Novice: 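Provided herewith is a single structure, encoded as structure tokens, for subsequent inquiry.
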Amino acid sequence: MGIKTFFKQPLALGGLFFLFLGMLAVVSLVPVAGAALALGLLPAATLGLMAATQLAEQDTFPMPSVLLTAARSSPARRRQMALLGVIYALGFLLIMGITALFDGGQFARLYLLGGEITPELLADSGFQLASWVSLLLYLPLSLLFWHAPALTHWQGLGAVQSLFYSLLACLKNFWALALFGVVWLLLLVGILIAITAIAALIGNPRLVSLAVVPAAMTVLALFFMSLFFTYRDCFVFDKNPTLESTP
């Protein structure tokens, strides 16, 4: 559904995705606290893309202002969304702090501040271990926040409630979400293999470096457009709203 919806409004949704990335990149440039601010804005920005997907599915052209959906909600919901942002930023920074125990902070500095990825760095055993630790620790954080922005905005749940129900729904639908992730990973790998094969056939190895980033960004955009449907398919609400997760 995410791919189908994307191609209903490809220019609008593609433009919004790159605007989403650009907004976070600009915020991250703020001295000292930029990375933390960008992390704190991620739940609200993700909600904006989900709202854009909802509009596109309804054959409505999503305007750039849809990315500010969280900011235009009620004061109570804005406070809860801000709290989600704070919790996410603290959780992510905690993960980066834990990885520093394994490689002296090399992985955390690269991820948060940027820098050059060298063959020596990739070969460093401490850096490799820190990378795996970050991946393992990020999984529970991602499950907590998978549906949380949508639950806070559309259903009016508090930040802690939305985190709880998001985790509960992800655990109840774990294998479906695992398949969801595997399919997207296979799609990305398949596209990269196809680009490499075409470059080899035409004898132009530069094609790989030119096409890999746009291809990866396209797959990432399609992935984000699919998040709304994972939320919609995992939850059923009535007018109260009473919440239950579908199996």
Side-chain angles (χ1 to χ4, degrees), residues 1-8 13 17 20 39 42-54 56-57 81 84-85 87-88 90-92 94-96 98-99 111 128-194 215-238 240-247:
M1 284 298 292
I3 295 176
K4 179 181 177 182
T5 301
F6 180 85
F7 285 105
K8 281 187 175 183
L13 293 177
F17 175 72
F20 157 83
L39 289 169
L42 189 58
T46 302
L47 172 69
L49 289 180
M50 295 176 75
T53 305
Q54 183 188 36
E57 188 199 19
M81 190 65 68
L84 276 181
I87 295 172
Y88 181 82
L90 290 176
F92 193 91
L94 176 61
I95 291 173
M96 292 296 102
I98 293 173
T99 65
Y111 201 101
Q128 294 175 9
L129 181 57
S131 302
W132 282 109
V133 169
S134 71
L135 182 63
L136 291 174
L137 293 179
Y138 186 72
L139 177 59
L141 184 67
S142 66
L143 296 182
L144 283 167
F145 281 87
W146 193 278
H147 304 295
L151 291 171
T152 295
H153 177 72
W154 278 304
Q155 305 305 326
L157 298 183
V160 175
Q161 273 185 305
S162 68
L163 292 171
F164 171 78
Y165 283 120
S166 176
L167 179 61
L168 180 63
C170 288
L171 292 177
K172 289 189 68 175
N173 297 280
F174 180 80
W175 293 113
L177 287 176
L179 179 61
F180 176 82
V182 168
V183 168
W184 281 107
L185 180 60
L186 290 177
L187 177 62
L188 176 60
V189 171
I191 290 174
L192 297 181
I193 291 174
M217 288 295 100
T218 300
V219 173
L220 187 59
L222 294 172
F223 171 80
F224 269 92
M225 300 311 158
S226 298
L227 292 180
F228 170 74
F229 298 103
T230 67
Y231 156 71
R232 192 183 67 179
D233 292 345
C234 281
F235 293 95
V236 176
F237 297 91
D238 61 22
N240 289 326
T242 299
L243 167 64
E244 63 178 9
S245 172
T246 59

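This is a predicted model, so every value here is computed, not measured.
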Novice: Taking C-beta and beyond as the side chain, do Phe235 and Gln155 meet within less than 4.5 Å on heavy atoms?
Specialist: no
Novice: side-chain hydrogen bond (donor to acceptor under 3.5 Å, both in side chains): which pairs involve residues 144-153, sequence neighbours left out?
Specialist: Trp146-Thr230, Thr152-Ser162
Novice: Where is the tightest heavy-atom contact between Leu163 and Ile87, given as atom of each residue plus distance?
Specialist: CD1-CD1, 4.0 Å
Novice: Among residues at least two apart in sequence or on other chains, which ones pass side chain to side chain donor-acceptor pair (under 3.5 Å) with Gln54?
Specialist: none
Novice: Do Phe224 and Phe20 make the cut of ring centroids closer than 6.0 angstrom?
Specialist: yes
Novice: Excluding sequence neighbours, so at least two apart, what forms side chain to side chain contact (heavy atoms under 4.5 Å, CB included) with Tyr111?
Specialist: Phe92, Met96, Phe107
Novice: Kindly give the heavy-atom pair with the smallest separation between Pro149 and Pro43, and that separation in Å.
Specialist: CB-O, 3.5 Å
Novice: For the aromatic rings, using the six-membered ring if either is Trp, is the centroid distance between Phe223 and Phe180 under 6.0 Å?
Specialist: yes
Novice: Please report the interatomic distance OH(Tyr88) to CG(Leu42), rounded to the nearest 0.5 Å.
Specialist: 5.0 Å
Novice: What distance do Phe164 atom CZ and Leu151 atom CG have between them, rounded to the nearest 0.5 Å?
Specialist: 12.0 Å
Novice: Sequence neighbours left out, what passes side chain to side chain contact (heavy atoms under 4.5 Å, CB included) with Ala215? Give chain and number order.
Specialist: Ile191, Ile195
Novice: Could you grab the distance from atom CG of Leu136 to atom OG1 of Thr99, nearest 0.5 Å is fine?
Specialist: 12.0 Å
Novice: Measuring from Ile95:CD1 to Leu141:CG, what's the distance to the nearest 0.5 Å?
Specialist: 4.5 Å
Novice: Can you sort out the partners of Val189 under side chain to side chain contact (heavy atoms under 4.5 Å, CB included), two or more places apart, ordered by chain and number?
Specialist: Leu185, Ile193
Novice: How long is the span from the CG atom in Leu188 to the CG atom in Leu220, to the nearest 0.5 Å?
Specialist: 9.0 Å
Novice: Sequence neighbours left out, what passes side chain to side chain contact (heavy atoms under 4.5 Å, CB included) with Ala44? Give chain and number order.
Specialist: Ala70, Met81
Novice: Do Thr46 and Leu227 pass the side chain to side chain contact (heavy atoms under 4.5 Å, CB included) test, and can you show the C-alpha distance, the side-chain angles, and the key distance before you say yes or no?
Specialist: CA-CA 9 Å; Thr46 302; Leu227 292 180; 3.9 Å; yes
Novice: Rounded to the nearest 0.5 Å, what's the gap from CZ on Phe229 to OG1 on Thr53? Could you check?
Specialist: 6.5 Å
